[in-house]
Protein chains: 2
Amino acid sequence: MVTKAEAADLPENADLRRADSLAREIFSDIANKWALLIIEALGDRTLRFSELRDEVEGISHKMLTQNLRLLERNGLLERTVHPVVPPKVEYTLTEPGRALRVTIDGLCEWTQRHLHEIEASRHRFDT
Amino acid sequence: MVTKAEAADLPENADLRRADSLAREIFSDIANKWALLIIEALGDRTLRFSELRDEVEGISHKMLTQNLRLLERNGLLERTVHPVVPPKVEYTLTEPGRALRVTIDGLCEWTQRHLHEIEASRHRFDT
DNA sequence: CCGCATCCAAGTAGATACTG
DNA sequence: CAGTATCTACTTGGATGCGG
C-alpha cells in the first residue's frame with residue numbers, strides 16, 4: 001500500500017500505480033463496518049442468509065445483501081444456492097476470506113483490550 | 001465483540017450490553033478508510049497537518065481534520081499545538097494507536113498478498 | 001498554517017412492497 | 001426464504017471562504 005504519491009510520472013510506474021489504486025479500492029471495500037462484522041460472524045461456519053442476518057445485529061436486509069455481493073465479488077466468500085423451495089442460500093468464507101478473518105480477529109482483540117482506555121480518553125476529550 | 005444478540009434481557013447483562021455497544025461504536029470509528037490510512041501514514045513518525053495531507057493521497061482538508069479529531073478523541077493519536085506563527089500542529093500515534101497500527105499492517109499485508117487473486121475473482125464475477 | 005463554518009451535490013441506508 | 005426495486009430521509013464529503 002503506497003500512501004505517498006510518487007514524484008515522477010514515468011511510464012514504468014504505470015503498473016505500480018494501477019496496483020496501488022486497486023489496493024485502495026479493495027481497502028475501501030473491506031474497511032467498512034458491515035463487511036468486517038459479516039466476516040467475523042461467519043467465522044468457520046456455513047450460514048444461511050437469514051442466519052447471518054440474525055448474527056449480525058442491527059444489519060438490514062438490504063445492507064446484508066449488498067455487502068454479501070461485495071464480499072463474493074472480491075472472492076472472500078462463496079455463495080451456494082440450493083435449488084429447493086423455499087430457497088436456501090448458504091455462505092461460507094473462502095481461503096482468502098479466512099486469512100482476512102485472522103487479521104480482523106486482531107482488530108477485535110485490540111478493541112476489547114483498549115475498551116476502557118478509549119472510554120476514558122473520550123471522556124477527557126469531551127470536557 | 002459480541003455479534004449475536006443474547007437471548008435473555010436480564011439486568012445482569014446490562015454492563016455486557018453497554019460494553020458491546022461501546023465496542024461497536026469504536027469499531028465504527030476505526031473501520032473506515034480514512035482513519036486506517038491516516039494511522040498507516042503516520043506510522044512511527046510525527047507529522048504536521050499539511051504533511052499528513054500530502055501523505056494520505058486524495059484526502060480532503062475537511063476529512064483529514066474530521067478523522068484526526070475522531071482519532072484524538074479515542075486516544076489513538078496525540079495532537080500538539082506549537083504556539084508560533086504560522087501555526088504548527090503535529091500529530092503522533094499514542095501507545096494504543098501504535099498497537100492498532102500493527103493489526104492494520106496485517107490488513108495491508110493481506111491486501112498485497114491477495115491482490116491478484118481478488119482481481120481475478122472480480123473479473124470472474126463481473127461476467 | 002491550521003481549523004471552523006457553510007453550502008450543496010452525491011452517496012448511503014432504512015422501510016416497504018413485490019417476485020420466484 | 002432470498003432477492004430486487006423504489007422511494008425517501010439522512011449522512012457524507014468536496015469546495016469555498018473567513019478567522020486565529
Side-chain angles (χ1 to χ4, degrees), chain A residues 3 5 21 24-38 41-42 45-74 76-93 125-126, chain B residues 3 5 21 24-39 41-42 45-74 76-92 125-126:
Chain A
T3 51
S21 94
R24 276 296 191 100
E25 225 182 288
I26 295 169
F27 211 68
S28 302
D29 277 0
I30 59 183
N32 100 53
K33 184 186 164 185
W34 292 129
L36 295 183
L37 287 175
I38 288 171
L42 211 43
R45 299 177 292 175
T46 295
L47 295 180
R48 301 183 58 166
F49 182 88
S50 47
E51 291 171 333
L52 260 173
R53 195 184 42 206
D54 293 342
E55 291 287 327
V56 182
E57 199 187 322
I59 196 168
S60 68
H61 188 118
K62 185 183 173 184
M63 280 300 97
L64 184 54
T65 307
Q66 208 168 95
N67 281 281
L68 284 173
R69 288 296 168 284
L70 204 66
L71 293 172
E72 187 192 359
R73 184 171 115 92
N74 286 297
L76 300 190
L77 55 77
E78 194 174 10
R79 178 170 175 268
T80 314
V81 181
H82 300 273
V84 296
V85 280
K88 179 175 175 179
V89 182
E90 291 185 315
Y91 296 90
T92 188
L93 290 181
F125 187 89
D126 293 343
Chain B
T3 51
S21 94
R24 276 295 190 98
E25 224 183 289
I26 295 169
F27 210 69
S28 302
D29 278 0
I30 292 165
N32 102 50
K33 184 186 163 184
W34 292 130
L36 295 183
L37 287 175
I38 289 170
I39 292 171
L42 209 44
R45 301 176 292 176
T46 295
L47 295 180
R48 301 184 57 167
F49 182 88
S50 46
E51 290 171 332
L52 260 174
R53 195 184 42 204
D54 293 341
E55 293 286 327
V56 182
E57 199 187 322
I59 196 169
S60 69
H61 187 118
K62 186 184 173 182
M63 281 300 99
L64 184 54
T65 308
Q66 208 168 94
N67 281 282
L68 284 173
R69 287 297 166 282
L70 204 65
L71 293 173
E72 187 193 359
R73 185 172 115 91
N74 286 297
L76 301 190
L77 54 77
E78 194 174 11
R79 178 170 175 268
T80 315
V81 181
H82 301 273
V84 296
V85 282
K88 179 176 175 179
V89 183
E90 291 186 316
Y91 295 90
T92 188
F125 186 90
D126 292 344

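Nothing here was measured: the structure is a model prediction, and the numbers come from that model. Excluded from the calculations below are hydrogen atoms, water molecules and symmetry mates; all remaining heavy atoms, backbone and side chain alike, are included.
Side chains of T65(A) and F49(A) form a contact here, defined as non-hydrogen atoms less than 4.5 Å apart. Side chains of F125(B) and N74(A) form no contact here, defined as non-hydrogen atoms less than 4.5 Å apart.
OP1 or OP2 of dA2(D) lies within a sub-4.0 Å distance of a side-chain N or O belonging to S50(A). A close approach under 4.0 Å does not occur between any side-chain nitrogen or oxygen of R53(A) and OP1 or OP2 of dC1(D). The side chain of R79(B) contributes an N or O atom lying less than 4.0 Å from OP1 or OP2 of dG3(C). In this structure, T65(B) does not reach the dG3(C) phosphate: none of its side-chain N or O atoms is under 4.0 Å from OP1 or OP2.
When rounded to the nearest whole Å, the span between NZ of K62(B) and P of dC1(C) equals 22 Å. Between the CD atom of Q66(A) and the C1' atom of dA2(D) there is a distance of 16 Å, given to the nearest Å.
With values rounded to the nearest 0.5 angstrom, L52(B) atom CG is found 8.0 Å from R45(B) atom CZ.
In terms of position on DNA chain D, the residue among S60(B) and R69(A) whose nearest nucleotide sits closer to the 5' end is R69(A).
In this model, no side-chain donor or acceptor of H61(B) finds a partner on the base of dG14(D) within 3.5 Å.
The side chain of R48(A) approaches dA2(D) more closely than any other nucleotide in the set dA15(D), dC4(C), dA2(D).
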